[in-house]
> 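Shown below is the structure under consideration.
Ligands are counted one by one from 1 in listed order, and the atoms in each one are counted from 1 as well. The structure presented is a predicted model; accordingly, all values stated were derived computationally and were not measured.
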Amino acid sequence: MSTQGKHVIIVVGAGPAGMAVASSLSKAGHEIIILNRDIKFGGLAEYGIFPTKLKLRGGLKKQYWELIERPNVHYFGNVSIGKGKDLTVEEVQNLGASAVVFSIGAQGTKAIGVEGGSAKGVFHAKDVVYHFNRLPGFGDRPFEMGKHVAIIGAGDVMVDIAHWLIRYKKVERVTAIVRRGPAERKYNPKEIRAVCANMDVDGIAKEVARIKDRLAAVGQNADEVLKGLTDEFTKCEPKVSETKMGFKFLASPKRILVDGNNRVRGLEMEDNKLDPKGEDTVAVGLEQYYEFPCDAVIFAVGDKVDESVGLPYKSGMFVTNPNKTGNDPDDALFQAYDEDTGKTVDGVFLAGWARKASEGLVGIAKRDGDWCAEVVSRYISTKAPGSHSDVKTVLDKLASILTARKSHPIDLEGLRILESSEKSHWGEDCIGEFKYTTNQEMLELIERGKT
Ligand SMILES: Cc1cc2nc3c(=O)[nH]c(=O)nc-3n(C[C@H](O)[C@H](O)[C@H](O)COP(=O)(O)OP(=O)(O)OC[C@H]3O[C@@H](n4cnc5c(N)ncnc54)[C@H](O)[C@@H]3O)c2cc1C
């Protein structure tokens, strides 16, 4: 194509990062083709952010609808990219677009290599989050938690999962297992408001007293640390269950203990001490072990990208160009890079959590998408007009591959049918509370709506 410098750009992944790329480049007049694994757009804005954050979710949804309704944006939901999926990375590259941006998030899970990880009652945070946000494949699977749940981690995702256990599962007890101490907690103080009405404040005081000598060894005063922790327990959301929430600090799970049915009965835990490391601290195991009884264990220790997609991958991340270009934002940070050839993968870019797994909130992912769009704009401005296909040619080629694969892509019309059906189930003041939990239900509904 490239009449008047306009190009076709493929964005893979319709989460906050991909939608920002698409928004910026479509505003510049380019033709944008979005390929998204989920039927619905939004990524973790739809299937990650806590269900009760209606304002945030609703605001994002509104922006994304406005985007995909633009005439130069072409949406294909239910299209996965990867080996053995609807299209491979190479097939996407060969569709004839001027550039391809992968903003597919971080779909892998980090493990901390604990023996017994396959026991019944062991879960990864992302699966649990997808479950309570009703992502097809997760929403209708049972996630049995028992009475006492241990969540490994001290970040916002730990808090969200505790919130779910308190609000919806109403379990007896939730314990956050934290490798370091209270001062090294990672969650945002605002987030703790969702669960602080359920805090076992006496139990927390005892826990901090238990580790006071180890805190003192790195110059931390236990009373001050406790005050810092509990002072954040203000403006708590109203209590909705009798669940008690607490913490286990300076604790590393070493082994998952199981009963005769391979069901979790507890954790073998190692006591840690803190060692100073510059301004920060590190946890060091003391080789003192104890048993911690619980019925379920949820690992909330961060995400990594999905290496099976087929993009250059190393140590949990897709590889980007190590050779800085000096531009601002630096092109190298967004360019996919093949270490075998020592070259960038021409025309292939990364944005959002696909570039930096678990990095920040929606605003950060959006900014990453905006930066990536700038980098892509610079890249396509170097391409000779006419050197790439027009949008019709790219769309026809895509359609013929999807037809041959018997794929079921969902377009804007299909999304509208789905949205109006889901809306008819929503309560008056509540957006997005009702969701279909299987792709089949959604596909059938859309099919019926189109005929
Ligand atoms: C539990 C949790 C709670 C959070 N709560 C908040 C919050 O309250 N406020 C806030 O601001 N931020 C929150 N965040 C952070 C926010 O969700 C992320 O910053 C943001 O969603 C990252 O955007 P992304 O586009 O990079 O990835 P994602 O949102 O993960 O989007 C990835 C997209 O790629 C698609 N995809 C994946 N694989 C493929 C494939 N192989 N082929 C095609 N498409 C694919 C997916 O369908 C998805 O649409 C939360 C995150 C989590 C995990």
> Using 30° and 60° as the class boundaries, would you call the ring planes of Phe334 and Trp371 parallel, tilted or perpendicular?
perpendicular
> In order of chain and number, which residues sit within 4.0 Å of ligand 1 by heavy atom?
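For ligand 1, the contacting residues are Val12, Gly13, Ala14, Gly15, Pro16, Ala17, Asn36, Arg37, Asp38, Gly43, Leu44, Gly48, Ile49, Lys53, Leu56, Val79, Ser80, Ile81, Ser103, Ile104, Gly105, Gln107, Val129, Val157, Asp160, Gly352, Trp353, Gly360, Leu361, Val362, Ala365.
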> Parallel, tilted or perpendicular for Tyr379 and Phe349, by the 30°/60° rule?
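The arrangement is perpendicular - the two ring planes meet at more than 60°.
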> For a quick check under 3.5 Å, do His148 and Glu172 share a side-chain donor-acceptor pair by atom type?
no
> Using side chain to side chain donor-acceptor pair (under 3.5 Å) as the criterion, list what pairs up with Asn323, not counting sequence neighbours.
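Checked Asn323 against side chain to side chain donor-acceptor pair (under 3.5 Å); matches are Asn321.
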> Any heavy-atom pair between the side chains of Ser421 and Tyr436 that's under 4.5 Å?
yes
> So do Lys304 and Gln107 actually touch side chain to side chain, heavy atoms under 4.5 Å?
no
